[in-house]
Amino acid sequence: MKRTRLTISIILVLALILGACQSIKKPAENEAPVTEVTTLVVWDQFYRDVESQVMDTLNAEFEAAHPGVKIERVVKTLDDLKVTLKLALTEANGPDVAQVNQGRSDMGAMVEAGLLLPLDAYLAKYNWGSVFSTSVASRNSFTADGKTFGQGNLYGVSPTAEVVGVYYNKTLFKKNGWQVPQTFEEFETLLAKIKESGETPISFGSLDGWNAIHEFSAIQHLLVSLDYINNLTYGVNNVSFKTDENTKAAAILQQWAKAGYFSEGYPGIGYDDSNALFKAGSGAMTITGSWLAGELVNDTDQEFGFFLMPPFEGKTALAIGGVGIPFAIRATTTKADLAAEYLNWMISPRAAELWANAGMLPAMALPEGADIKTDNLFGDTLRAWDAINKGNAVGHYIDWATPTFYDTLVAELQKLLGSISTPEDFVSAVQKDYETYLSK
Amino acid sequence: MRSNQAYPGENKWKGWLYLLPGFVIYIGFIFYPILETVRTSFFAWNGFSAQRDWVGLENYRTVFSDAQFADAFLHNLIFILFFCILPVLLGLLLASLLTRKALPGMTFFRTVLFLPQVISMVVVGVIWRWIFNPQFGPLNILLNSVGLSSLTRAWLGDFALALPAVGSIGTWVQYGFCMILFLAGMQHISEEYYEASSLDGANAFQQFVHVTIPGLRAEIGVALVTTIIAALRVFDLVYVTTRGGPGNATLVVGFLIYRSAFQQNRIGYASAIATILMLIILGISLLIRRFQTGNEENSA
């Protein structure tokens, strides 16, 4: 009994001393003595198996390279993170580094509340301008009042990239002698041909709603200019949603639905279910983002490829794309320098290599001589991202435009697809939402 | 026996002491949050910034001019048919069938029929989303196999049928609760009434209307209140199955609150809707209670 008490007292005293050390000495990186432990609390949403392993590896290597630093990792799903993070960032002992969802209702609102640290000093210090383009940086930027999106201070850095395009079932294509289309006209001809053969041209399910936005916007991106899509998304220069291009895109989508190009019963099928059907060989193509690539490689006897939605004859085209959820720093952290060092680590060439190995698109360039297999589906998405990134053709997720845009788009697109409304009704209804937001 | 019989005036505080734990929990977890919700409904607030702007009744004005709120509330009213009226009728029918004659395996039937009530709403939603799936869901497969292919639909994605489809899930969940409630109630109805009425020549249906239903008045009241509340505050089922779609065909008030609060950061507005919903539910419950006690006094 006495012995246990003694041990406990010793532990307590040690803990007190350690604690005192930590609070007296300011955490200065690199020169910190090895005996002292600085803990960096990091919240991320890489909860899926493969992603989580990448994070664990990066964290372990960061600890090894920074003696005396301990990463305390908290993993959440994105939904969970979105709900809990805002309040956690107001706490004095909240996460030092966290992944913050882009857009007005998340990053914008947090900037407005003064919860995030502007990263411009670190942008210069680490020369991040050479790691990502200004187009990428603007996706993680807000003015200091949180009101204007796409300009002002940098608040986050993204490790991964995303591009929305067309997955196709190579096995089916080979069997039927179909070719990957080079123009949008060829694409539509192909849709008709596939329909005739009795296969489903596009595997799709609109029950969950959000992926209908990609379906529409992928066509929209072939018709509009980069300036337009930037202005629309960032809410600047007073552009309208009610344009000929948007009406045309809506009309094409509605016509596809009427022609029966989508899965049978698509309004009653969820996103994951439609992908499961596609993976099992039902449907020749599906329009969605590069994040699905990893899913389509294992546990299937079909072979899949990926191409960008082809441009109209003689035109250039944008593609929906962007960078993944960025890492940001809590405004009130006492370990800002260490946190910035961590952010730099997350967008290092080593991180690019690890993400690529895991089948995820890195937002950063791969290091020279990285040993990555690219003659496969992942290679297809990598080349697609590379093409739009280098060609300055990276569009936007248009649901960022206003806090209610997502809900409005989903409801209005379901009406459009179900022929409850016309393409003109659709653009008018969405424009109404947009106007209401701009007038505030 | 002293412990059971306190002398008059002795240790009255002791009684209050026993109430204390429940009272503290009630104040902390129910009463205070309700007050805080009502208070928040007078502010414009995004849920986490230090700044809250007093806007008075502005949020309430917005609610009543919001076409989506009107739509959503109408859907809730339609849900009363599916969550309340159908389950109560079905519960009455099943309960009287199960008590009329002692059949072998009765406990089994009772348990099976009650089962939907025990499953979590989220699980129920996932199960039915699968049942309704147009490509591999059992419902369409069944219709196809019996030659009714013309009736197959994308149930949850159909503008006309999504609301009844989600509503019928509510019926499936609620009838078991009504049935058990009525089964218990029927134990209290004296056999003498049935004997007397059958001597007077009443048939089974007449007995059901004139003996069983009046005898179950209290239980029917409880069933009405709880199922109407379930119909008005439904959220989880809609969230899992349709998220308010297609269009806004299955949008309900509960989902509107969630959307405003957690997707659009309009906590004040969401609180105003929640407060209105609470008042409506409170009003309806009081009405039913009053109707019920009024009846009891009349018959007494």
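Values in this document were obtained by computation on a predicted structure and should not be read as measured data. Hydrogens, waters and symmetry mates are skipped; everything else that's a heavy atom, side chains included, is used. Just so it is clear: chains get the letters A, B, ... in the order the sequence lines come, proteins before strands, and each one is counted from 1.
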Contacts of Tyr234(A) that satisfy side chain to side chain donor-acceptor pair (under 3.5 Å) - sequence neighbours left out: Ser138(A)

So does Ile325(A) get a backbone contact from the side chain of Gln99(A), meaning a donor-acceptor N/O pair under 3.5 Å? yes

Below 4.5 Å, heavy atoms only, C-beta onward: do Phe278(A) and Leu296(A) meet side chain to side chain? yes

Test side chain to side chain contact (heavy atoms under 4.5 Å, CB included) applied to Leu35(B) - qualifying residues, sequence neighbours left out: Phe31(B)

Between Gly114(A), Gly205(A), Ala109(A), which has the largest tally of heavy atom pairs under 4.5 Å with chain B? Ala109(A)

So do the side chains of Val234(B) and Phe83(B) get within less than 4.5 Å of each other, counting heavy atoms only? yes

Any idea which of Gly418(A), Pro403(A), Pro267(A) has the most non-hydrogen atom pairs under 4.5 angstrom with chain B? Pro267(A)

Note: vs chain B, highest number of non-hydrogen pairs under 4.5 angstrom among Leu87(A), Ile420(A), Val83(A) is Ile420(A)

Nearest heavy-atom neighbours spanning Pro95(A) and Trp43(A): CB-CD1, 3.5 Å

Under the side chain to side chain contact (heavy atoms under 4.5 Å, CB included) criterion, do Phe304(A) and Asn169(A) qualify, and how do the steps go? CA-CA 5 Å; Phe304(A) 298 98; Asn169(A) 185 326; 4.0 Å; yes

Donor-acceptor pairs, chain A vs chain B, cutoff 3.5 Å:
unit_1, atom_1, unit_2, atom_2, d
Lys86(A), NZ, Asn265(B), OD1, 2.9
Ser105(A), O, Asn265(B), ND2, 2.6
Asp208(A), OD1, Arg129(B), NH1, 3.0
Asp208(A), OD1, Arg129(B), NH2, 3.1
Glu264(A), O, Gln135(B), NE2, 3.1
Asp407(A), OD1, Arg259(B), NE, 3.4
Asp407(A), OD2, Gln264(B), NE2, 2.8
Gln414(A), OE1, Gly247(B), N, 2.7

With sequence neighbours left out, write down each residue that passes side chain to side chain contact (heavy atoms under 4.5 Å, CB included) with Ala212(A), or none if nothing qualifies. Phe204(A), Leu413(A), Leu417(A)

Please classify the contact between Leu89(A) and chain B as side chain, backbone, both or neither, with a heavy-atom cut-off of under 4.5 Å. neither

In terms of heavy-atom pairs under 4.5 Å with chain A, which of Gly47(B), Gly157(B), Gly137(B) leads? Gly157(B)

